[in-house]
Amino acid sequence: MADERGATGGGALGRPAREATSAAPGTTRGPGRVLVALYGVFALAAGARAAVQLSTQFDEAPLAYLLSAVAAVVYVIATIGLARGGRGGRRTAVVSCSIELAGVLVVGTLSLLDPAAFPDATVWSGYGQGYGYVPLLLPVLGLLWLRHQSRLAQAQGDGPDRTG
Amino acid sequence: MSTPLVVAATVVAVVLAALGGLSTALRRRIGTAHLAGTALLELLLLVQLGVAVAALARGDRPEDLPTFLAYLISVVLLPVAGVLWARSEPTRWAGTVLGVATLAVAVMLWRLLDLWEVTGG
């Protein structure tokens, strides 16, 4: 990592940050990048889990495992939408974040009311209990961030977002 | 899987997340402390990977081998992905991005340990 030092520099805690977060729209800038990182981790976690469950133990709990797979796909689409930005990316992300929010609320409620229907946990069981409730928090943060972004874009004449 | 190693790596990961948060709070990008910490974390994870592979080679098998392997490989890649991504972020949120990656590493390590302790026949 010695070769990376020159590019980062500025002492142990890094050089002062550029303050461009609120001026330029773009879903992957500033806090948006934190969201994309979180979504990426969840896409990975849910995807790996669904792949294992569907390939090795599908018969045990088809409904729960299919839901895991749906959750994984939604996370991947939301990650791509947020990462791409622009009007299309934002719209994709809004739809997938909404599905996510609905999913975590519906599955969370059902898994508490009728535990027998969900013999094995999905990411959305118990409102994302097994994942520190992050699955419940993520779509809310995502939608708030997207609303903020589309307002910025509108304020700037609804031009195309800068991506990346 | 070695519990002391998991504890050591978790401590490094949590300290890194705190450093990342500090950089964000101080409106700074990530610096040498973050890079050194991530290098140390990656080293611990690679040693952990070696220990796990050696145990698998000896014939020890966790019950849920596919999940164990998926976690084992992803956990080694996460700090690298996190640091690369944080370094290309020009705003103060770089540290938080790194923190997300290292906290995910900490969680995954304990999940790995759980998976390992449920040994199959």
Side-chain angles (χ1 to χ4, degrees), chain A residues 1-24 26 28-57 68 72 79 83 120-121 130-132 134 138 141 145 162 164, chain B residues 19-40 42-43 63-75 77-105 107-108 111 115:
Chain A
M1 293 221 172
D3 58 315
E4 291 172 356
R5 217 166 271 168
T8 310
L13 284 176
R15 61 180 175 206
R18 201 180 299 161
E19 286 301 329
T21 45
S22 55
T28 56
R29 305 294 300 272
R33 188 165 288 223
V34 178
L35 258 184
V36 178
L38 270 171
Y39 265 99
V41 166
F42 267 82
L44 184 79
R49 179 175 199 154
V52 169
Q53 288 173 335
L54 287 176
S55 59
T56 63
Q57 0 167 266
S68 282
T79 309
D120 201 354
Y131 293 83
V134 177
L138 264 187
L141 291 178
W145 173 244
R162 280 165 55 189
Chain B
L19 273 179
L22 187 65
S23 278
T24 299
L26 296 176
R27 297 171 183 274
R28 283 170 179 280
R29 300 176 65 179
I30 58 167
T32 45
H34 304 86
L35 292 181
T38 311
L40 177 62
E42 188 63 26
L43 183 72
E63 192 183 311
D64 193 352
L65 187 63
T67 311
F68 181 79
L69 290 177
Y71 272 85
L72 194 63
I73 295 162
S74 340
V75 83
L77 299 178
L78 256 178
V80 180
V83 97
L84 288 179
W85 226 44
R87 267 168 43 81
S88 63
E89 169 63 45
T91 72
R92 63 195 169 109
W93 294 95
T96 308
V97 168
L98 185 64
V100 166
T102 61
L103 284 182
V105 166
V107 171
M108 286 175 76
R111 182 86 183 99
L115 286 166

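The sequence lines fix the lettering, A, B, ..., with proteins before strands; numbering per chain opens at 1. As a basis for the values below, the full set of heavy atoms in this structure was taken, side chains included, without hydrogen atoms, waters or symmetry mates.
Between A/V52 and A/T56, the shortest heavy-atom distance links the atoms O-OG1, 2.8 Å. Of all heavy-atom pairs spanning B/R87 and B/R29, the tightest one is O-NH2, 3.1 Å.
With sequence neighbours excluded, the residues forming a side-chain contact (heavy atoms from CB on, under 4.5 Å) with B/I73 are B/L77, listed by chain and number.
Of the two parts of B/L26, only the side chain, counted from C-beta on, holds a non-hydrogen atom closer than 4.5 Å to a non-hydrogen atom of chain A. Only the side chain of A/V41 comes within contact range of chain B, judged by heavy atoms closer than 4.5 Å. For chain A, no part of B/A101 is nearby; none of its heavy atoms comes within less than 4.5 Å. Of the atoms belonging to B/S74, it is side-chain heavy atoms, and not backbone ones, that fall under 4.5 Å from chain A. Contact of B/S88 with chain A is made through backbone and side chain together, with heavy-atom distances under 4.5 Å. For A/L44, the part lying under 4.5 angstrom from a heavy atom of chain B is the side chain only.
B/L103 contributes atom CG, which lies 10.5 Å from atom OG1 of B/T96 (distance to the nearest 0.5 angstrom). Going from atom CD of B/E42 over to atom OG1 of B/T102 covers 12.5 Å, rounded to the nearest 0.5 Å.
When each of B/A94, B/A33, B/G20 is checked for heavy-atom pairs under 4.5 Å with chain A, B/A33 comes out on top. For the set B/T67, B/V107, B/L78, the entry with the most heavy-atom pairs within less than 4.5 Å of chain A is B/T67.
For the pair B/V83 and B/H34, the minimum side-chain heavy-atom distance is 4.5 Å or more.
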